[in-house]
Q: 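Could you have a look at this structure, given as structure tokens, before my questions?
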Protein chains: 2
Amino acid sequence: MASTINDVAKLAEVSRQTVSRVINEPSLVNPKTLEKVQRAIEILDYHPNVTARLLVNKRVKTMGLFMPFSADQVRQNLFFATLSSTICQICSQSDFVMQMFTSLSREDSSRFFVKLFKEKQVGGLILTCPSVSNDELIFLLSEKIPFIIIGRPGIMSQQINYVDVNNVQAGDLAIEHLIQYGHRRIGFLNGPANMTLSADLNKGVITAAQRHGAKLDIRESETDLTLDSGYHQALILLKSDQRPTAIFTADDLLAVGVKKAADELGLSIPSDLSLISGTNSGWGNIFPQELTYIDTQFERLGDIAAKHMIRFILEEQPSNLSEVLPVRLVLGQTCASAHE
Amino acid sequence: MASTINDVAKLAEVSRQTVSRVINEPSLVNPKTLEKVQRAIEILDYHPNVTARLLVNKRVKTMGLFMPFSADQVRQNLFFATLSSTICQICSQSDFVMQMFTSLSREDSSRFFVKLFKEKQVGGLILTCPSVSNDELIFLLSEKIPFIIIGRPGIMSQQINYVDVNNVQAGDLAIEHLIQYGHRRIGFLNGPANMTLSADLNKGVITAAQRHGAKLDIRESETDLTLDSGYHQALILLKSDQRPTAIFTADDLLAVGVKKAADELGLSIPSDLSLISGTNSGWGNIFPQELTYIDTQFERLGDIAAKHMIRFILEEQPSNLSEVLPVRLVLGQTCASAHE
DNA sequence: CTGAAAGCGCTTACAG
DNA sequence: CTGAAAGCGCTTACAG
């Protein structure tokens with residue numbers, strides 16, 4: 001059996017409180033005793049039982065990360081891989097632990113979160129939008145579960161902590177860039193209609209369009225952010241009469257889908273078709289030329305969320321987080337002047 | 001404050017042992033008492049404290065998943081995303097929890113694993129090769145840490161549990177396929193030299209080559225399994241004198257790199273260059289035509305490992321796991337007959 | 001079917 | 001600087 005604090009105390013001929021002190025506040029211990037205890041710890045290969053410790057001091061140094069998608073979707077979306085590894089890294093720096101959860105079949109997810117927290121499995125949760133509906137959000141608030149949303153929550157409230165990328169700005173910058181290049185017929189592959197991401201991008205697109213009057217023809221298609229749906233929607237757009245001369249995609253996986261469709265139709269990028277992506281999660285590297293995209297620095301989302309959660313758990317101060325990160329245009333070689 | 005078992009006992013006017021029974025073994029409780037207690041649980045919104053429970057019954061229903069790579073690499077490699085989400089799913093079915101760890105800067109990883117286990121943070125670990133060196137493996141064994149390797153460990157031993165894909169067979173099948181198509185000059189983009197994956201693929205390649213005598217010219221290049229290294233190595237191969245008529249890549253991300261290089265050089269697949277990948281993690285969907293690849297079903301690795309770990313933790317029987325999953329060739333349209 | 005006793009491995013005041 | 005006492009929230013035998 002593994003040795004306990006009592007074993008160490010016995011071997012070192014001190015009380016277990018002293019051993020506890022050696023571990024938690026060595027400066028309060030007489031150097032000679034300290035050494036004696038440390039040697040005993042060494043000999044017995046003693047490791048304090050985290051569980052027992054938790055039971056008394058109550059800081060649950062664990063956070064849950066909820067990724068609502070199926071294995072297949074997580075696999076497609078590099079965003080989630082980035083998120084989880086970033087959060088992991090931050091956790092390990094502070095001796096925290098990250099638990100990951102994907103979609104749960106058994107029960108609705110918000111009940112599961114409440115259970116996790118109340119059972120003291122986790123000290124708080126990081127939820128990726130749109131994993132939670134507004135009803136669920138309200139439920140979580142009413143149950144006082146500490147959580148941070150990554151993305152923009154569907155309802156706003158002082159009590160809701162979130163960190164998001166400025167997708168309105170992203171949509172605006174992207175369309176503005178295409179307009180500057182003279183494009184007037186623009187395809188827009190957006191995400192699913194129920195995501196705030198999609199709503200925000202759309203808002204940005206409209207903002208940019210309105211700045212330039214009514215001569216624009218912007219055609220929005222809904223996708224589910226997979227390669228396949230990007231490919232299929234792009235085919236439809238590119239085969240239509242008066243096909244768009246440029247396409248803006250919500251993310252770079254969709255952009256890859258567009259490229260696939262363009263290749264198939266013998267359209268080359270950027271001479272026949274300009275392409276700009278609303279983010280770059282890594283798929284962009286596939287392009288022979290550099291992809292033009294909006295840099296959303298979404299790695300920072302995980303970083304900010306995790307650090308905030310750690311601070312919250314350690315201090316239990318319900319400080320507020322509502323940050324919207326600015327974005328910027330990164331010029332590649334997939335956009336060119338429109339010519340008809 | 002959250003309510004405890006004592007609060008429930010008081011409200012229901014029973015002892016806390018009875019409450020405990022209601023939760024763990026309701027059949028042993030008088031139906032009337034049962035109902036009374038359940039109502040009290042409802043009213044107080046009682047959730048048993050997992051920590052306290054653990055302290056006494058000692059089953060740590062948590063497993064650690066170690067992904068040794070940097071955030072960047074995890075992002076590139078869909079293999080890891082698939083693995084983590086699969087393991088997550090399996091865990092949630094058995095009320096287990098998965099903790100994820102990426103590379104740790106602070107200390108060498110095996111010491112960290114020992115700590116995790118001895119502190120009772122995790123009941124066992126799933127390690128992805130080549131996250132652990134042979135020395136570390138030996139150390140873990142000596143410390144009696146329960147772990148499962150995904151991939152083939154560098155040293156073999158009765159005590160080492162692992163599950164792997166038959167990469168020898170994968171290499172063999174791939175080269176055999178190319179030979180059948182008449183290819184004699186074949187490029188082979190392998191993984192890093194220190195991975196057992198690379199050694200196994202190589203062994204398979206050699207096996208297939210030897211079956212067909214010495215007329216083959218197989219050129220192996222080392223990559224680090226990133227898109228970039230695949231692209232660069234492919235460029236070198238394809239620009240060389242007597243360029244290969246076919247390329248076999250260790251994985252599909254490398255295959256994408258080859259495609260990028262081929263596009264750049266104006267070589268079309270499969271008429272100018274046949275391409276076959278040693279696995280398909282999802283990148284293959286990018287190809288305009290179906291990618292020819294070896295189906296390694298690596299989703300199954302996570303599934304098998306997680307289920308075995310759960311069984312181990314629940315039963316504490318040190319049953320053995322050493323499984324090597326067979327692979328099969330999946331015909332796409334990226335291979336064609338060689339012609340010079 | 002139910003409860004009194006003891007204990008899981010630790011920490012937090014409180015004395016001294 | 002150190003230890004005796006009490007307790008964190010639960011479960012596991014053992015009586016009855």
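Each chain gets a letter, A, B and so on, in the order its sequence line appears, and its residues count up from 1. Values below: every heavy atom of this structure, side chains too, minus hydrogens, waters and symmetry copies. Please read these numbers as outputs of a predicted model, since none were measured by experiment.
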Q: Looking only at side chains, do A/His47 and A/Asp45 share a donor and an acceptor under 3.5 Å apart?
A: yes
Q: Output yes when A/Arg21 and A/Glu25 qualify as a salt bridge under the 4.0 Å nitrogen-oxygen rule, no when they do not.
A: no
Q: Between the side chains of B/Gln99 and B/Thr62, does any donor sit under 3.5 Å from an acceptor?
A: no
Q: Is the NZ atom of A/Lys36 crowded by more than 12 outside heavy atoms at less than 6.0 Å?
A: yes
Q: May I have the distance from A/Lys61 (atom NZ) to C/dT11 (atom P), rounded to whole angstrom?
A: 12 Å
Q: Check the distance between D/dG9's C1' and B/Asn49's CG and give it to me in whole angstrom.
A: 6 Å
Q: For DNA chain D, what residues of residues 7-25 of chain A have any heavy atom nearer than 4.0 Å?
A: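 The stretch gives A/Val14, A/Ser15, A/Arg16, A/Gln17, A/Thr18, A/Arg21 as the residues lying under 4.0 Å from the strand, ordered by number.
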Q: Strictly under 6.0 Å, is that where the ring centroids of A/Phe112 and A/Phe101 end up?
A: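 Distance test on ring centres: under 6.0 Å, yes.
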Q: Take atom NZ of A/Lys32 and atom C1' of D/dT2, then tell me their distance rounded to the nearest Å.
A: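 My rounded result for the distance is 16 Å.
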Q: Of all the choices, D/dG7, C/dT2, D/dT2, which nucleotide is nearest to the side chain of A/Thr33 once you look at every atom?
A: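 The listed nucleotide nearest to A/Thr33's side chain is D/dT2.
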Q: Measure NZ/A/Lys36 against P/D/dC1 and give the value in whole Å, please.
A: 15 Å
Q: Taking atom C1' of C/dC10 as reference, at what distance in whole Å does atom CD of B/Glu119 sit?
A: 13 Å
Q: Kindly say whether B/Ala81 contributes a backbone atom to a donor-acceptor pair with the side chain of B/Ser85 at under 3.5 angstrom?
A: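 Pair found, side chain donor or acceptor close to backbone of B/Ala81.
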Q: Does C/dA4 have a Watson-Crick or wobble partner in any strand here, with both distances under 3.5 angstrom, and which is it?
A: none
Q: Measuring from the side chain of B/Pro48 (C-beta onward, heavy atoms only), which nucleotide among C/dC8, D/dC10, C/dT2 has the closest atom?
A: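 Per side-chain heavy atoms of B/Pro48, the pick is D/dC10.
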Q: Under a 3.5 Å limit for both distances, which nucleotide forms a Watson-Crick or G-U wobble pair with D/dA13, could you say?
A: none
Q: What's the CD1-C1' distance between A/Ile5 and C/dT12, to the nearest Å?
A: 12 Å
Q: Between the side chains of B/Glu143 and B/Lys118, is the shortest nitrogen-to-carboxylate-oxygen separation below 4.0 Å, so that they form an ion pair?
A: yes
Q: Round to the nearest Å and state the distance from A/Glu35 atom CD to D/dC1 atom C1'.
A: 17 Å
Q: Taking for each residue the nucleotide of DNA chain C bearing the nearest heavy atom, is the 5' side occupied by B/Val56 or by B/Asn30?
A: B/Asn30
Q: Tell me: CG of B/Asn6 to P of C/dA4, nearest whole Å?
A: 12 Å
